[in-house]
Enquirer: 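My questions will all concern the structure given below.
Chain letters run A, B, ... following the sequence lines, proteins first and then strands; every chain starts at 1.
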Amino acid sequence: MKIATWNVNSIRTRLDLVTQWLQATAVDVLCLQETKVTDADFPQAPFVELGYHCYVYGQKSYNGVALISRAPLDRVNTGFAPVVDVAEPDLDQQKRVIQGVLGEVCLVNLYVPNGSAVGSEKYDYKLRWLKQLRLYLQALLSSYPNLLVCGDFNVALDDRDIHDPSGREQMVMATDAERTALTHALLELGLADGFRKFHLDGGHFSWWDYRAAAFRRNLGWRIDHHYLSAPLYERAIACTIDVAPRQLPQPSDHTPVIIELED
DNA sequence: ATGGCCTTGGCTCAAGGA
């Protein structure tokens, strides 16, 4: 079973690129982030024609997540609220969480807030959101021992995941507070970064800034991840970053990351 | 040192992204 995660930065702008990639790559589930479209306007037909089912949770202009699955998913739900109490209602107002069940596996697709600038209101929101995420995943794990959490985490877990980590403590996506919050929300619950089962060195990136020819110069970050509970970590047999879509005209600034689990 | 580009909305500039 192959599960891909890809922040597409507008599904409508990227529709041809994404459907062509899907035809060539044929993953079982494609988890999209930053779809930037309401559910009514999500372009489902091209995916249905390719034999996929679409589960979407989006809003106008910002955010938005979707699960594109070859097999129908069970018990799809959206946001934190169906799983756990949300003490601060603003944490569930943006469309960033969608979850579904495929056989014995619970899939969670996340778009973690960006955080804007260190110390900003959005940065504070990101840290609060990650605290809420821990409660959400803790509750899910009690029902689903086979848990896979993927998406755009907007955090580089360690210095290997940044082309140049110097001065990182002032850089959003790289501060100790963000790393600690992500570690609390995922690793301390027993979920492990699938990519690191196969690749221990640095220099592997999933996002490159549009500006300053960052892709050409390979000035990237690895911020798109798959986290796996222990039984699924055991079953992981590959995790790869496909840089090809980032090289095409009018790309997303992120490129897909694919994990393969033994069936 | 700074900004560098791309997307959306709705109107040509502002905001958000990372």
Side-chain angles (χ1 to χ4, degrees), chain A residues 5-18 31-43 56-66 90-91 93-97 109-130 133 150-179 181-182 195 202-225 241 243 245-257:
Chain A
T5 180
W6 193 0
N7 177 323
V8 290
N9 185 17
S10 171
I11 188 57
R12 288 181 291 186
T13 297
R14 227 66 65 197
L15 185 58
D16 289 347
L17 196 144
V18 172
C31 301
L32 301 176
Q33 304 89 35
E34 273 207 281
T35 53
K36 294 187 171 179
V37 67
T38 60
D39 296 349
D41 289 336
F42 189 101
V56 301
Y57 183 53
Q59 63 187 82
K60 198 161 85 170
S61 306
Y62 306 115
N63 311 314
V65 286
D90 66 329
L91 295 177
Q93 279 166 3
Q94 302 174 4
K95 315 274 192 243
R96 299 181 175 277
V97 180
N109 175 21
L110 301 177
Y111 176 44
V112 175
N114 165 272
S116 189
V118 176
S120 68
E121 198 171 308
K122 290 192 173 71
Y123 179 80
D124 174 66
Y125 181 84
K126 179 181 195 173
L127 296 178
R128 289 192 294 117
W129 195 93
L130 287 168
L133 178 64
C150 68
D152 174 3
F153 289 84
N154 272 321
V155 178
L157 253 191
D158 65 57
D159 288 354
R160 292 174 294 176
D161 300 322
I162 313 175
H163 66 89
D164 178 8
S166 62
R168 65 159 183 89
E169 189 48 44
Q170 308 309 318
M171 295 157 62
V172 74
M173 306 196 294
T175 64
D176 286 338
E178 289 164 274
R179 288 179 175 180
L182 197 68
F195 187 81
H204 302 285
F205 308 126
S206 64
W207 171 82
W208 299 260
D209 201 310
Y210 283 125
R211 296 170 292 185
F215 181 69
R216 183 178 57 72
R217 299 157 66 199
N218 199 26
L219 306 180
W221 295 56
R222 193 179 70 90
I223 55 177
D224 301 274
H225 310 144
I241 299 174
V243 298
R246 188 66 177 79
Q247 298 168 314
L248 296 173
Q250 290 195 302
S252 168
D253 45 354
H254 297 250
T255 210
V257 186

Enquirer: Got a sec, which residues hit side-chain contact (heavy atoms from CB on, under 4.5 Å) with A/Asn114, two or more places apart in sequence or on another chain?
Expert: A/Ser116, A/Asn154
Enquirer: Establish, with yes or no, whether the OP1 or OP2 oxygen of B/dG9 is under 4.0 angstrom from a side-chain nitrogen or oxygen of A/Ser61.
Expert: yes
Enquirer: A/Tyr111: which residues meet the ring-ring contact (aromatic ring centres under 6.0 Å, His included) condition with it, sequence neighbours left out?
Expert: none
Enquirer: For B/dT7, does OP1 or OP2 lie under 4.0 Å from any side-chain N or O of A/Arg14?
Expert: yes
Enquirer: Write down the distance separating the P atoms in B/dG10 and B/dC6, rounded off to the nearest Å.
Expert: 23 Å
Enquirer: Distance check, C1' atoms only: B/dG4 and B/dG17, in whole angstrom units.
Expert: 14 Å
Enquirer: From CD of A/Gln33 over to P of B/dT7, roughly how many Å is that when rounded to an integer?
Expert: 17 Å
Enquirer: Tell me yes or no: between the side chains of A/Trp208 and A/Asn218, is some donor less than 3.5 Å from an acceptor?
Expert: yes
Enquirer: List, with names and distances, any nitrogen or oxygen atoms from the protein found under 3.5 Å away from nitrogen or oxygen atoms belonging to nucleotides 11-18 of chain B.
Expert:
residue : atom : partner  : partner atom : Å
B/dA18  : OP1  : A/Asn7   : ND2          : 3.2
B/dA18  : OP1  : A/Glu34  : OE1          : 2.7
B/dA18  : OP1  : A/Tyr111 : OH           : 3.4
B/dA18  : OP1  : A/Asp152 : OD2          : 3.4
B/dA18  : OP2  : A/Tyr111 : OH           : 2.7
B/dA18  : OP2  : A/Asn154 : ND2          : 3.0
B/dA18  : O5'  : A/Asn114 : ND2          : 3.4
B/dA18  : N9   : A/Asn114 : ND2          : 3.2
B/dA18  : N7   : A/Asn114 : OD1          : 2.9
B/dA18  : N7   : A/Asn114 : ND2          : 3.2

Enquirer: What residues, two or more places apart in sequence or in another chain, satisfy salt bridge (charged side-chain N to carboxylate O under 4.0 Å, His left out) together with A/Lys126?
Expert: A/Glu178
Enquirer: Could you tell me which residues satisfy side-chain contact (heavy atoms from CB on, under 4.5 Å) with A/Asp164, sequence neighbours excluded, listed by chain and number?
Expert: A/Ser166
Enquirer: Considering only the P atoms, how many Å lie between B/dA14 and B/dG3, rounded to the nearest integer?
Expert: 15 Å
Enquirer: When rounded to the nearest Å, what value does the distance between P atoms of B/dT2 and B/dC13 take?
Expert: 26 Å
Enquirer: For A/Ser10 and for A/Arg217, locate the closest nucleotide of DNA chain B by heavy-atom distance; then report the residue assigned to the nucleotide nearer the 5' terminus.
Expert: A/Arg217
Enquirer: Considering only the C1' atoms, how many Å lie between B/dA1 and B/dG16, rounded to the nearest integer?
Expert: 23 Å
Enquirer: For A/Asp159, give me all partners under side-chain contact (heavy atoms from CB on, under 4.5 Å), at least two apart in sequence or on another chain.
Expert: A/Pro165, A/Arg168, A/Arg179
